Visitor: 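Have a look at this one before I ask anything.
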Amino acid sequence: MLEVKNLAVSYGAVKAIHGVSLEVHDGEVVSLIGANGAGKTTILRTISGLKKADDGEIRFDGTDLRKMDPSKIITLKLAHVPEGRHIFPQMTVEENLEMGAFTDRKDMEANMEEVFGRFGRLKERKKQLAGTLSGGEQQMLAVGRALMAKPKMILMDEPSMGLSPLLVKEIFSIIKEVNRKGITVLLVEQNAKMALSISSRAYVMETGKITISGNAGELLRDDRVKKAYLGQ
Amino acid sequence: MERRVKISYVINFLGVLAVFLLFVLLFESRVFGAATQYIKGICTTACYTIIMVASLNLVVGCMGEFSLGHAGFVSVGAYASAIVSGALTGKGLPDLALFLIALLAGGIAAGITGVMVGIPALRLRGDYLAIVTVAFAEIIRVCFCNFSITGGGKTMSGILKLSDFYWCYWVMAACVAVMYLYIRSKFGRTVKAIREDYIAAAAAGINVTYYKVLTFTVAAFFAGVGGGVYAHYMTAMIPTNFNFMYSAELLSEVIIGGIGSLTGSIIGAAFLSSLPEMMRQFSQYRMLAYSVVLIIVMIFKPGGIFGSWEFSLTRLLRRAEKKEHEKAEGGVKPWKQL
């Protein structure tokens, strides 16, 4: 479904990604784990067009994404939940969700009902300003907003960041549920254990390169991963 | 829903009409005696200031970017409309048509300038954008100082006196209504989303630059219309009228009234534009007074006097109706039952 080949990205003179290749198949949850500054977020931003690549190839269902604007990429049904809960704080929950349906307004009402069905808390707070929600609710709103675009695939950037352990669990169960409904997920996480436990496959990144990749279950047992990311 | 919207349009129109009739009554009954003409003039000043300030509020309030060059767009509108009305005089057009055509021309000219300034400038944000808008306004001013068609730095005079208060009132009402609808529309909501979170807006599929330039252009258009009214009221103008101080004055009126509140812009502009007229003898201290008011507002009410609150006639009526309702059936309620 998504295919990235020899991707190279830089910020000015600093090369952030050196030749990364990865692929995500239809219906999978694939996670991208690694330490701070490894380039995980950069990869997601490059896929969704927010950052331009220097070299390489990005294909989504066969369409080349590299020369596309972010506002066009989302019309291909590839949604991005940016890192750190980027919601619209001075707009109501409802308006936030409406913005998610920006590129495709037909069926908006029905989609919103579906999102509200999944996130009861958001429905209760429909008319509330999004900035007044708690951290977990804001993250749910960010996910809900991405779902409003009726995506085939979601790129999720550190959904568990800054959340309490209980909420982390809830967010991950939401991701699993989203996936069960047929949406492919590419997940970037620092919380390697949780990420691996819900993924089918995973890539481990280190300073702009993919160092290990494979089946999530195998990676959980891999000594190098255990040592570096699982604290064992 | 559809019906409710229609009813609210009618109610708001009636509200605007009622205010208009109040003014007509005041002026026609000559309550002010010999000062009537003078007060009418002040009200006209208030009308065009309201248009300019409200349009600046689109940029500052709705889009969340500081523009310090609004006087530039005002001057483009003022000169363009003056030139057009000058060229069309004696062609047998009725005055009102001439006035409206001139205003439209002023608005369009300013709108085009808005696109030209907006495309390069809106790539910047925050302080940098503010600096660039100052620069553009200065460029426009210097151009007008050198073009022979605008009087070449001398006073451009002999512009028709078309800005009658009664007409200006309706022009103002129409401009504010369109701006209000713009803010409430899909476009306005999109621009607000960009203001709130640039990255999330881009990730939601919004073409950020397009919507920013669009809003900037709409604001410039209305600034130009305001400038047109100004030109046909003053009948003479000089490019130095539209200097940095004029932009700063408009911006301070937006901030004092309330960033993001058209109600605030209307009341702030009406009040602050008529205040110096009322205290003519202290007029040289006007900017000083502005600064003091601005500082006080910033300390005690950082979002402006009205914040982002909007006056709503329909809401007011609904509330009044509710109260009536409660009174009607609530007479026996709380303690009489005991």
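Keep in mind that what you see is a predicted model, and the values were worked out from it rather than measured. Proteins get letters first, then strands, A, B, ... in listed order; numbering begins at 1 in each. Computation of the quantities below employed the complete heavy-atom set of this structure, encompassing side-chain atoms and omitting hydrogens, waters and symmetry-equivalent molecules.
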Visitor: Under a plain distance cut-off of 3.5 Å, with no hydrogens placed, do B:Ser8 and B:Thr314 share a side-chain donor-acceptor pair?
Guide: no
Visitor: Let me know if A:Leu155 has heavy atoms under 4.5 Å from chain B in its side chain, its backbone, both or neither.
Guide: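 The answer is neither part of A:Leu155.
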Visitor: For B:His70 and B:Ser55: C-alpha separation, side-chain torsions, deciding distance, then whether side chain to side chain donor-acceptor pair (under 3.5 Å) applies.
Guide: CA-CA 9 Å; B:His70 219 55; B:Ser55 69; 2.9 Å; yes
Visitor: For the candidates B:Asn207, B:Ile206, B:Ile194, which exhibits the highest count of non-hydrogen atom pairs separated by less than 4.5 Å from chain A?
Guide: B:Ile206
Visitor: Just how far is it from atom CE of A:Met153 to atom CG of A:Asn179, taken to the nearest 0.5 Å?
Guide: 11.0 Å
Visitor: Return the option, out of A:Pro82, A:Ala79, A:Pro89, with the maximum number of heavy-atom pairs under 4.5 Å with chain B.
Guide: A:Pro89
Visitor: If we define contacts as heavy-atom pairs under 4.5 Å, which of A:Lys72, A:Glu98, A:His80, A:Arg145 has the most with chain B?
Guide: A:Glu98
Visitor: May I ask you to check whether B:Tyr182 and B:Thr215 show a side-chain donor-acceptor distance below 3.5 Å?
Guide: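 A donor-acceptor contact under 3.5 Å links the two side chains.
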